[in-house]
Amino acid sequence: MKEDFFKYQAQTSNHPLAIEISHANESFVYDTNGKSYLDFIAGVSANTLGHNHPKISQAIKEQVDKHTHVMVYGEFIQQPQVNLTKLLAQNLPKPLETVYLTNSGTEATEGALKLAKRYTGRHEIIATKNSYHGNTQGAMSVCGAEQQNSAFRPLIPGIKFIKFNNAADLHKITLKTAAVILETIQGGAGFIEPENNYLKKVKEKCDEVGALLILDEIQTGIGRTGTLFGFENYNVIPHIIIAGKGLGGGMPIGAFIASNKIMSCLKNHPKLGHITTFGGHPVIAAASNATLTELLNSNLIKETLYKEKLIRKFLIHPLITEVRGKGLMLAVIVKTEEIASKVILRCLDKGLLLFWLLFEGKAIRITPPLTISNNEITKGCTIILETLNEILTES
Ligand SMILES: Cc1ncc(COP(=O)(O)O)c(C=O)c1O
(Lines give C-alpha, C1' and ligand atoms only; values in the text may rest on other atoms or scores of the structure.)
Protein backbone atom coordinates (compact mmCIF):
# COMPACT_ATOMS: atom_id res chain seq x y z
CA MET A 1 0.00 0.00 0.00
CA LYS A 2 2.83 2.40 0.91
CA GLU A 3 4.57 2.07 -2.47
CA ASP A 4 1.35 2.89 -4.35
CA PHE A 5 0.61 5.74 -1.93
CA PHE A 6 3.89 7.43 -2.79
CA LYS A 7 3.52 6.66 -6.48
CA TYR A 8 -0.10 7.68 -7.11
CA GLN A 9 -1.27 9.98 -4.34
CA ALA A 10 -0.29 13.65 -4.40
CA GLN A 11 2.12 14.55 -1.61
CA THR A 12 2.19 17.97 0.04
CA SER A 13 5.25 17.44 2.21
CA ASN A 14 8.51 15.56 1.95
CA HIS A 15 8.06 13.61 5.15
CA PRO A 16 4.48 12.35 5.53
CA LEU A 17 4.01 10.05 8.53
CA ALA A 18 2.52 7.47 6.11
CA ILE A 19 1.03 5.07 8.67
CA GLU A 20 -0.97 2.39 6.87
CA ILE A 21 -4.45 2.33 8.41
CA SER A 22 -6.45 -0.82 8.86
CA HIS A 23 -9.44 0.41 10.90
CA ALA A 24 -10.47 2.71 13.74
CA ASN A 25 -12.82 2.31 16.67
CA GLU A 26 -13.83 4.66 19.51
CA SER A 27 -10.62 6.41 20.68
CA PHE A 28 -8.22 4.15 18.77
CA VAL A 29 -6.81 3.96 15.24
CA TYR A 30 -5.19 0.66 14.16
CA ASP A 31 -2.47 0.19 11.54
CA THR A 32 -2.04 -2.77 9.22
CA ASN A 33 0.59 -4.29 11.56
CA GLY A 34 -1.99 -4.47 14.31
CA LYS A 35 -0.50 -1.57 16.28
CA SER A 36 -3.03 0.64 18.07
CA TYR A 37 -2.79 4.42 18.44
CA LEU A 38 -4.68 6.23 21.17
CA ASP A 39 -6.15 9.18 19.26
CA PHE A 40 -5.47 12.57 20.87
CA ILE A 41 -6.18 14.35 17.53
CA ALA A 42 -9.58 13.11 16.29
CA GLY A 43 -8.81 13.63 12.61
CA VAL A 44 -7.79 17.23 13.44
CA SER A 45 -10.90 17.99 15.54
CA ALA A 46 -13.28 16.22 13.14
CA ASN A 47 -14.18 12.92 14.84
CA THR A 48 -16.34 14.47 17.55
CA LEU A 49 -17.72 11.14 18.78
CA GLY A 50 -14.60 9.09 18.10
CA HIS A 51 -14.31 6.49 15.38
CA ASN A 52 -16.99 4.19 14.07
CA HIS A 53 -19.70 5.51 16.39
CA PRO A 54 -22.66 3.09 16.07
CA LYS A 55 -25.29 5.86 15.79
CA ILE A 56 -23.37 7.67 13.04
CA SER A 57 -22.73 4.43 11.15
CA GLN A 58 -26.40 3.47 11.44
CA ALA A 59 -27.57 6.89 10.20
CA ILE A 60 -25.23 6.64 7.21
CA LYS A 61 -26.38 3.12 6.32
CA GLU A 62 -30.06 4.00 6.65
CA GLN A 63 -29.67 7.04 4.40
CA VAL A 64 -27.62 5.16 1.79
CA ASP A 65 -30.48 2.66 1.55
CA LYS A 66 -33.00 5.50 0.95
CA HIS A 67 -31.09 7.72 -1.48
CA THR A 68 -27.72 9.36 -1.96
CA HIS A 69 -27.31 12.45 -4.17
CA VAL A 70 -30.42 13.52 -6.04
CA MET A 71 -29.99 17.05 -7.36
CA VAL A 72 -28.10 20.30 -6.79
CA TYR A 73 -28.99 22.45 -3.73
CA GLY A 74 -32.64 23.52 -3.61
CA GLU A 75 -34.54 21.57 -6.26
CA PHE A 76 -35.54 18.74 -3.94
CA ILE A 77 -36.42 18.96 -0.27
CA GLN A 78 -34.39 16.32 1.53
CA GLN A 79 -35.22 15.22 5.08
CA PRO A 80 -31.62 14.96 6.40
CA GLN A 81 -30.84 18.54 5.27
CA VAL A 82 -34.05 19.89 6.77
CA ASN A 83 -33.43 18.04 10.06
CA LEU A 84 -29.85 19.26 10.30
CA THR A 85 -30.48 22.92 9.48
CA LYS A 86 -33.45 22.97 11.90
CA LEU A 87 -31.45 21.34 14.70
CA LEU A 88 -28.61 23.84 14.24
CA ALA A 89 -30.97 26.82 14.20
CA GLN A 90 -32.83 25.58 17.28
CA ASN A 91 -29.59 25.38 19.21
CA LEU A 92 -28.15 28.73 18.18
CA PRO A 93 -29.05 32.13 19.61
CA LYS A 94 -31.24 34.40 17.48
CA PRO A 95 -30.81 35.69 14.82
CA LEU A 96 -28.52 32.83 13.68
CA GLU A 97 -31.38 30.90 12.11
CA THR A 98 -30.60 30.12 8.46
CA VAL A 99 -28.02 27.56 7.41
CA TYR A 100 -26.25 27.04 4.09
CA LEU A 101 -24.61 23.58 4.02
CA THR A 102 -21.33 23.19 2.13
CA ASN A 103 -18.83 20.42 1.41
CA SER A 104 -15.99 21.67 3.57
CA GLY A 105 -14.83 24.35 5.95
CA THR A 106 -13.03 26.35 3.32
CA GLU A 107 -16.15 26.44 1.13
CA ALA A 108 -18.11 27.73 4.12
CA THR A 109 -15.52 30.51 4.50
CA GLU A 110 -15.96 31.36 0.81
CA GLY A 111 -19.73 31.49 1.25
CA ALA A 112 -19.53 33.67 4.35
CA LEU A 113 -17.17 36.17 2.67
CA LYS A 114 -19.36 36.36 -0.43
CA LEU A 115 -22.46 36.80 1.72
CA ALA A 116 -20.88 39.68 3.65
CA LYS A 117 -19.86 41.40 0.41
CA ARG A 118 -23.31 40.98 -1.07
CA TYR A 119 -25.14 42.11 2.07
CA THR A 120 -23.07 45.21 2.75
CA GLY A 121 -22.26 46.15 -0.85
CA ARG A 122 -18.66 46.64 0.31
CA HIS A 123 -15.58 44.60 -0.50
CA GLU A 124 -12.99 45.27 2.20
CA ILE A 125 -12.43 42.34 4.56
CA ILE A 126 -10.46 42.58 7.78
CA ALA A 127 -8.73 39.46 9.04
CA THR A 128 -6.07 38.75 11.66
CA LYS A 129 -2.40 37.88 11.52
CA ASN A 130 -1.66 34.16 11.92
CA SER A 131 -5.27 33.23 11.22
CA TYR A 132 -6.37 30.14 9.29
CA HIS A 133 -9.72 29.92 7.49
CA GLY A 134 -9.13 27.34 4.74
CA ASN A 135 -7.06 26.79 1.64
CA THR A 136 -9.08 27.74 -1.42
CA GLN A 137 -8.02 31.11 -2.80
CA GLY A 138 -10.69 33.29 -1.19
CA ALA A 139 -10.22 31.68 2.20
CA MET A 140 -6.46 31.78 1.76
CA SER A 141 -6.69 35.52 1.11
CA VAL A 142 -7.92 36.01 4.68
CA CYS A 143 -5.31 33.70 6.21
CA GLY A 144 -2.70 35.76 8.01
CA ALA A 145 0.36 33.69 7.20
CA GLU A 146 2.37 35.26 4.42
CA GLN A 147 4.81 32.32 4.31
CA GLN A 148 1.92 30.20 2.98
CA ASN A 149 0.25 32.86 0.84
CA SER A 150 3.09 34.57 -1.02
CA ALA A 151 3.64 31.81 -3.60
CA PHE A 152 -0.03 32.06 -4.64
CA ARG A 153 -0.38 35.84 -5.04
CA PRO A 154 -2.24 37.69 -6.40
CA LEU A 155 -5.07 36.54 -4.14
CA ILE A 156 -8.29 38.54 -3.68
CA PRO A 157 -7.72 42.29 -3.15
CA GLY A 158 -9.09 44.47 -0.36
CA ILE A 159 -7.92 42.41 2.62
CA LYS A 160 -6.43 44.15 5.66
CA PHE A 161 -4.82 42.41 8.61
CA ILE A 162 -5.05 43.39 12.25
CA LYS A 163 -3.56 41.76 15.35
CA PHE A 164 -5.83 39.35 17.24
CA ASN A 165 -6.63 40.58 20.76
CA ASN A 166 -5.31 44.08 20.01
CA ALA A 167 -8.09 46.59 20.70
CA ALA A 168 -5.85 49.41 19.44
CA ASP A 169 -6.23 48.03 15.88
CA LEU A 170 -10.02 48.25 15.86
CA HIS A 171 -10.05 51.73 14.34
CA LYS A 172 -9.09 50.00 11.08
CA ILE A 173 -12.67 48.69 10.90
CA THR A 174 -14.42 51.52 9.04
CA LEU A 175 -17.41 52.41 6.86
CA LYS A 176 -15.54 50.67 4.02
CA THR A 177 -15.43 47.32 5.81
CA ALA A 178 -17.74 44.54 4.66
CA ALA A 179 -16.70 42.06 7.32
CA VAL A 180 -14.24 41.17 10.01
CA ILE A 181 -13.40 37.48 10.02
CA LEU A 182 -11.90 35.90 13.13
CA GLU A 183 -11.42 32.46 14.57
CA THR A 184 -13.18 32.43 17.93
CA ILE A 185 -10.00 30.87 19.34
CA GLN A 186 -7.04 31.23 16.98
CA GLY A 187 -6.09 27.67 15.99
CA GLY A 188 -2.97 27.49 13.82
CA ALA A 189 -1.46 30.41 15.76
CA GLY A 190 -1.29 28.29 18.92
CA PHE A 191 -4.82 28.05 20.39
CA ILE A 192 -5.00 31.67 21.48
CA GLU A 193 -8.16 32.65 23.34
CA PRO A 194 -9.73 36.09 22.98
CA GLU A 195 -8.98 38.28 25.98
CA ASN A 196 -10.54 41.32 27.65
CA ASN A 197 -13.88 41.06 25.85
CA TYR A 198 -12.08 41.31 22.52
CA LEU A 199 -14.81 39.64 20.46
CA LYS A 200 -17.49 41.84 22.02
CA LYS A 201 -15.43 44.94 21.23
CA VAL A 202 -15.01 43.85 17.60
CA LYS A 203 -18.76 43.20 17.32
CA GLU A 204 -19.54 46.65 18.74
CA LYS A 205 -17.18 48.27 16.27
CA CYS A 206 -18.74 46.28 13.40
CA ASP A 207 -22.23 47.40 14.47
CA GLU A 208 -21.05 51.01 14.65
CA VAL A 209 -19.83 51.03 11.02
CA GLY A 210 -22.31 48.57 9.48
CA ALA A 211 -19.81 45.75 8.95
CA LEU A 212 -20.49 42.08 9.69
CA LEU A 213 -18.62 39.96 12.21
CA ILE A 214 -17.89 36.47 10.88
CA LEU A 215 -16.69 33.99 13.49
CA ASP A 216 -14.94 30.90 12.22
CA GLU A 217 -16.18 28.12 14.50
CA ILE A 218 -14.72 25.30 12.44
CA GLN A 219 -12.52 24.14 15.33
CA THR A 220 -14.18 25.74 18.34
CA GLY A 221 -17.65 24.54 17.39
CA ILE A 222 -19.63 21.37 18.02
CA GLY A 223 -19.04 21.08 21.72
CA ARG A 224 -15.26 21.13 21.81
CA THR A 225 -14.90 24.16 24.08
CA GLY A 226 -17.63 23.40 26.63
CA THR A 227 -20.51 25.02 24.75
CA LEU A 228 -22.06 23.99 21.44
CA PHE A 229 -20.25 26.87 19.70
CA GLY A 230 -17.17 28.58 21.09
CA PHE A 231 -18.55 32.14 20.84
CA GLU A 232 -21.09 31.29 23.56
CA ASN A 233 -18.17 31.47 26.03
CA TYR A 234 -17.37 35.09 25.15
CA ASN A 235 -20.50 37.16 25.51
CA VAL A 236 -20.99 37.88 21.81
CA ILE A 237 -23.34 36.85 18.99
CA PRO A 238 -21.69 37.24 15.57
CA HIS A 239 -23.58 38.10 12.37
CA ILE A 240 -22.33 35.00 10.56
CA ILE A 241 -20.73 31.79 11.80
CA ILE A 242 -18.77 29.25 9.84
CA ALA A 243 -18.84 25.61 10.94
CA GLY A 244 -17.22 22.42 9.67
CA LYS A 245 -14.91 19.65 10.88
CA GLY A 246 -16.64 18.17 13.97
CA LEU A 247 -20.10 18.95 12.60
CA GLY A 248 -19.83 15.90 10.32
CA GLY A 249 -18.70 13.48 13.04
CA GLY A 250 -15.98 12.24 10.66
CA MET A 251 -17.75 13.02 7.39
CA PRO A 252 -16.91 16.05 5.17
CA ILE A 253 -19.15 19.04 5.79
CA GLY A 254 -19.23 22.81 6.27
CA ALA A 255 -21.89 25.41 6.92
CA PHE A 256 -22.29 29.15 7.06
CA ILE A 257 -25.09 30.42 9.24
CA ALA A 258 -26.67 33.88 9.49
CA SER A 259 -29.99 35.62 10.02
CA ASN A 260 -32.67 35.04 7.44
CA LYS A 261 -32.41 38.70 6.47
CA ILE A 262 -28.69 38.47 5.68
CA MET A 263 -28.90 35.05 4.02
CA SER A 264 -31.79 36.13 1.79
CA CYS A 265 -29.52 38.25 -0.35
CA LEU A 266 -28.12 35.09 -1.98
CA LYS A 267 -31.49 34.81 -3.80
CA ASN A 268 -31.27 37.92 -5.99
CA HIS A 269 -28.87 40.12 -7.97
CA PRO A 270 -27.61 37.64 -8.96
CA LYS A 271 -29.83 34.72 -8.09
CA LEU A 272 -27.90 31.60 -7.06
CA GLY A 273 -25.52 33.67 -4.96
CA HIS A 274 -23.67 30.52 -3.94
CA ILE A 275 -23.76 27.29 -5.91
CA THR A 276 -22.71 23.83 -4.80
CA THR A 277 -23.51 20.42 -6.28
CA PHE A 278 -22.92 18.29 -3.22
CA GLY A 279 -23.27 20.73 -0.29
CA GLY A 280 -25.67 19.22 2.26
CA HIS A 281 -25.30 15.75 0.74
CA PRO A 282 -28.01 13.61 2.36
CA VAL A 283 -25.66 10.91 3.64
CA ILE A 284 -23.34 13.50 5.19
CA ALA A 285 -26.27 15.45 6.60
CA ALA A 286 -27.63 12.23 8.17
CA ALA A 287 -24.23 11.58 9.80
CA SER A 288 -24.10 15.16 11.01
CA ASN A 289 -27.61 14.92 12.46
CA ALA A 290 -26.68 11.78 14.36
CA THR A 291 -23.55 13.50 15.70
CA LEU A 292 -25.37 16.63 16.86
CA THR A 293 -28.30 14.69 18.33
CA GLU A 294 -25.99 12.44 20.34
CA LEU A 295 -23.99 15.45 21.57
CA LEU A 296 -27.06 17.41 22.59
CA ASN A 297 -28.62 14.42 24.38
CA SER A 298 -25.50 13.61 26.39
CA ASN A 299 -23.22 15.34 28.89
CA LEU A 300 -20.28 15.25 26.50
CA ILE A 301 -20.18 19.01 25.91
CA LYS A 302 -20.05 19.89 29.63
CA GLU A 303 -17.60 17.06 30.31
CA THR A 304 -15.02 18.69 27.99
CA LEU A 305 -14.35 21.23 30.75
CA TYR A 306 -13.75 18.51 33.32
CA LYS A 307 -11.51 16.66 30.84
CA GLU A 308 -9.59 19.88 30.23
CA LYS A 309 -8.94 20.16 33.98
CA LEU A 310 -7.73 16.55 34.08
CA ILE A 311 -5.30 17.14 31.20
CA ARG A 312 -4.03 20.37 32.75
CA LYS A 313 -3.54 18.59 36.12
CA PHE A 314 -1.32 16.00 34.44
CA LEU A 315 0.65 18.17 32.07
CA ILE A 316 2.94 19.99 34.44
CA HIS A 317 6.61 19.51 33.54
CA PRO A 318 9.82 21.58 33.42
CA LEU A 319 9.83 21.38 29.59
CA ILE A 320 6.22 22.65 29.32
CA THR A 321 5.91 26.42 29.43
CA GLU A 322 2.14 26.69 29.05
CA VAL A 323 -1.05 24.82 28.15
CA ARG A 324 -3.32 26.99 25.99
CA GLY A 325 -6.87 26.68 24.75
CA LYS A 326 -10.20 25.61 26.15
CA GLY A 327 -12.07 22.34 26.69
CA LEU A 328 -10.69 19.64 24.41
CA MET A 329 -8.93 22.14 22.15
CA LEU A 330 -5.59 22.33 23.94
CA ALA A 331 -2.05 23.17 22.86
CA VAL A 332 0.86 22.14 25.02
CA ILE A 333 3.62 24.68 24.51
CA VAL A 334 7.12 23.32 25.15
CA LYS A 335 10.46 25.10 25.33
CA THR A 336 11.63 24.54 21.74
CA GLU A 337 10.29 23.41 18.37
CA GLU A 338 12.74 20.51 18.47
CA ILE A 339 11.24 19.25 21.73
CA ALA A 340 7.71 19.51 20.29
CA SER A 341 8.66 17.39 17.28
CA LYS A 342 10.52 14.86 19.42
CA VAL A 343 7.50 14.44 21.70
CA ILE A 344 5.08 14.03 18.78
CA LEU A 345 7.23 11.45 16.96
CA ARG A 346 8.26 9.45 20.03
CA CYS A 347 4.68 9.34 21.33
CA LEU A 348 3.61 8.03 17.95
CA ASP A 349 6.10 5.16 18.39
CA LYS A 350 4.58 4.51 21.80
CA GLY A 351 1.06 4.36 20.37
CA LEU A 352 -0.20 7.88 21.13
CA LEU A 353 -1.33 10.09 18.26
CA LEU A 354 -0.39 13.78 18.69
CA PHE A 355 0.16 16.48 16.06
CA TRP A 356 1.70 19.85 15.26
CA LEU A 357 -0.07 23.21 14.83
CA LEU A 358 0.27 25.14 11.57
CA PHE A 359 2.10 28.30 12.68
CA GLU A 360 3.34 27.60 16.23
CA GLY A 361 6.26 25.19 16.13
CA LYS A 362 6.51 24.87 19.91
CA ALA A 363 2.95 23.57 20.20
CA ILE A 364 1.71 20.00 20.59
CA ARG A 365 -1.94 19.66 19.61
CA ILE A 366 -4.35 17.82 21.91
CA THR A 367 -7.83 17.60 20.38
CA PRO A 368 -9.16 14.13 21.20
CA PRO A 369 -12.67 12.90 20.45
CA LEU A 370 -15.13 14.33 22.99
CA THR A 371 -15.96 10.72 23.89
CA ILE A 372 -12.45 10.03 25.21
CA SER A 373 -12.58 8.42 28.66
CA ASN A 374 -10.81 9.64 31.78
CA ASN A 375 -8.70 6.46 31.75
CA GLU A 376 -7.64 7.13 28.17
CA ILE A 377 -6.73 10.71 29.09
CA THR A 378 -4.64 9.39 32.00
CA LYS A 379 -2.96 6.86 29.72
CA GLY A 380 -2.13 9.44 27.01
CA CYS A 381 -0.87 12.08 29.44
CA THR A 382 1.32 9.47 31.17
CA ILE A 383 2.95 8.67 27.81
CA ILE A 384 3.55 12.40 27.17
CA LEU A 385 5.13 12.89 30.62
CA GLU A 386 7.34 9.78 30.25
CA THR A 387 8.54 11.08 26.89
CA LEU A 388 9.26 14.56 28.27
CA ASN A 389 11.23 12.94 31.12
CA GLU A 390 13.33 10.97 28.62
CA ILE A 391 14.06 14.15 26.66
CA LEU A 392 14.94 16.03 29.85
CA THR A 393 17.38 13.31 30.96
CA GLU A 394 19.06 13.27 27.56
CA SER A 395 19.70 17.03 27.54
C1 LIG B 1 -10.36 27.49 11.85
C2 LIG B 1 -10.44 26.75 10.54
N3 LIG B 1 -11.07 27.34 9.50
C4 LIG B 1 -11.18 26.70 8.31
C5 LIG B 1 -10.64 25.47 8.10
C6 LIG B 1 -10.77 24.81 6.77
O7 LIG B 1 -11.61 23.68 6.84
P8 LIG B 1 -11.50 22.55 5.71
O9 LIG B 1 -10.15 21.91 5.89
O10 LIG B 1 -12.65 21.64 5.99
O11 LIG B 1 -11.62 23.22 4.40
C12 LIG B 1 -9.93 24.84 9.15
C13 LIG B 1 -9.28 23.54 8.94
O14 LIG B 1 -8.28 23.22 9.52
C15 LIG B 1 -9.84 25.50 10.39
O16 LIG B 1 -9.20 24.95 11.42
Side-chain angles (χ1 to χ4, degrees), residues 73-74 81-127 131 133-134 136 138-139 141-142 156 173 177-184 199-200 202-222 227-232 234-248 253-276 279-280 285 288 292:
Y73 216 95
Q81 296 177 348
V82 173
N83 291 349
L84 176 59
T85 51
K86 184 172 172 187
L87 194 57
L88 279 166
Q90 285 173 336
N91 285 284
L92 276 163
K94 290 264 166 279
L96 295 167
E97 61 209 351
T98 310
V99 183
Y100 191 113
L101 297 170
T102 63
N103 296 285
S104 63
T106 197
E107 189 195 354
T109 301
E110 300 290 340
L113 294 173
K114 285 168 65 188
L115 182 61
K117 284 164 99 171
R118 267 292 288 110
Y119 183 74
T120 59
R122 307 173 185 175
H123 70 273
E124 179 185 275
I125 308 283
I126 297 198
S131 57
H133 298 289
T136 47
S141 306
V142 291
I156 59 172
I173 305 168
T177 311
V180 179
I181 181 166
L182 304 172
E183 290 157 276
T184 303
L199 298 180
K200 190 162 179 262
V202 178
K203 171 82 186 306
E204 281 166 4
K205 185 69 190 175
C206 285
D207 284 339
E208 188 188 311
V209 299
L212 301 184
L213 172 60
I214 303 171
L215 285 185
D216 182 340
E217 287 277 349
I218 287 172
Q219 283 213 71
T220 45
I222 320 305
T227 46
L228 184 59
F229 285 97
F231 71 83
E232 296 168 68
Y234 303 107
N235 202 16
V236 67
I237 299 175
H239 300 99
I240 304 176
I241 64 169
I242 307 172
K245 285 196 187 276
L247 179 60
I253 197 167
F256 55 102
I257 307 173
S259 68
N260 200 265
K261 183 176 172 210
I262 295 176
M263 198 68 88
S264 292
C265 68
L266 293 181
K267 287 192 276 192
N268 302 303
H269 317 297
K271 68 176 183 182
L272 305 175
H274 189 70
I275 302 174
T276 178
S288 178
L292 258 187

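Quick note: numbers below take in every heavy atom, side chains included, and nothing from hydrogens, waters or symmetry partners.
- In terms of modelled atom types and a separation under 3.5 Å, the side chain of Thr106 and the main chain of Ala139 share no donor-acceptor contact.
- A heavy-atom distance below 4.5 Å is not found between the side chains of Phe231 and Leu182.
- Thr220 pairs by the side chain to side chain donor-acceptor pair (under 3.5 Å) definition with Glu217, not counting sequence neighbours.
- Contact annotation: the side chain of Leu113 approaches that of Ile181 to within less than 4.5 Å [non-hydrogen atoms, C-beta and beyond].
- When all heavy atoms of Thr85 and Val82 are compared, the closest pair comes out as OG1-O, 3.1 Å.
- Judged as a side chain to side chain contact (heavy atoms under 4.5 Å, CB included), and not counting sequence neighbours, the contacts of Lys200 are Asn197, Glu204, Asn235.
- Residues forming a side chain to side chain donor-acceptor pair (under 3.5 Å) with Lys261 (at least two apart in sequence, or on another chain): Tyr119.
- Summarising the geometry of Met263 relative to Ala258, their closest heavy-atom pair is CE-N, 3.8 Å, with the distance given to 0.1 Å.
- Residues passing the ring pair (Phe, Tyr, Trp, His ring centres under 6.0 Å) test with Tyr100 are Tyr73, Phe256, His274, sequence neighbours excluded.
- Take Thr120 and apply the side chain to side chain donor-acceptor pair (under 3.5 Å) test, not counting sequence neighbours, and it matches no residue.
- Closest approach of Leu101 to Ala255, counting heavy atoms only: CD2-CB, 4.1 Å.
- Minimum interatomic distance between Ile214 and Ala112 (heavy atoms only, all atoms of both residues): CD1-O, 3.8 Å.
- Residues Ala178 and Arg122 share a closest heavy-atom pair of CB-O, 3.5 Å.
- Among the candidates Lys205, Glu124, His123, the single residue satisfying the side chain to side chain donor-acceptor pair (under 3.5 Å) test with Thr177 is Glu124.
- Among all heavy-atom pairs drawn from Lys203 and Val236, the shortest one is CB-CG2, 3.7 Å.
- Checking each of Ile262, Leu115, Leu215 against His239 for a side chain to side chain contact (heavy atoms under 4.5 Å, CB included) leaves exactly one that passes, namely Ile262.
- The side chain to side chain donor-acceptor pair (under 3.5 Å) search around Asn103 returns Glu107, Thr276, not counting sequence neighbours.
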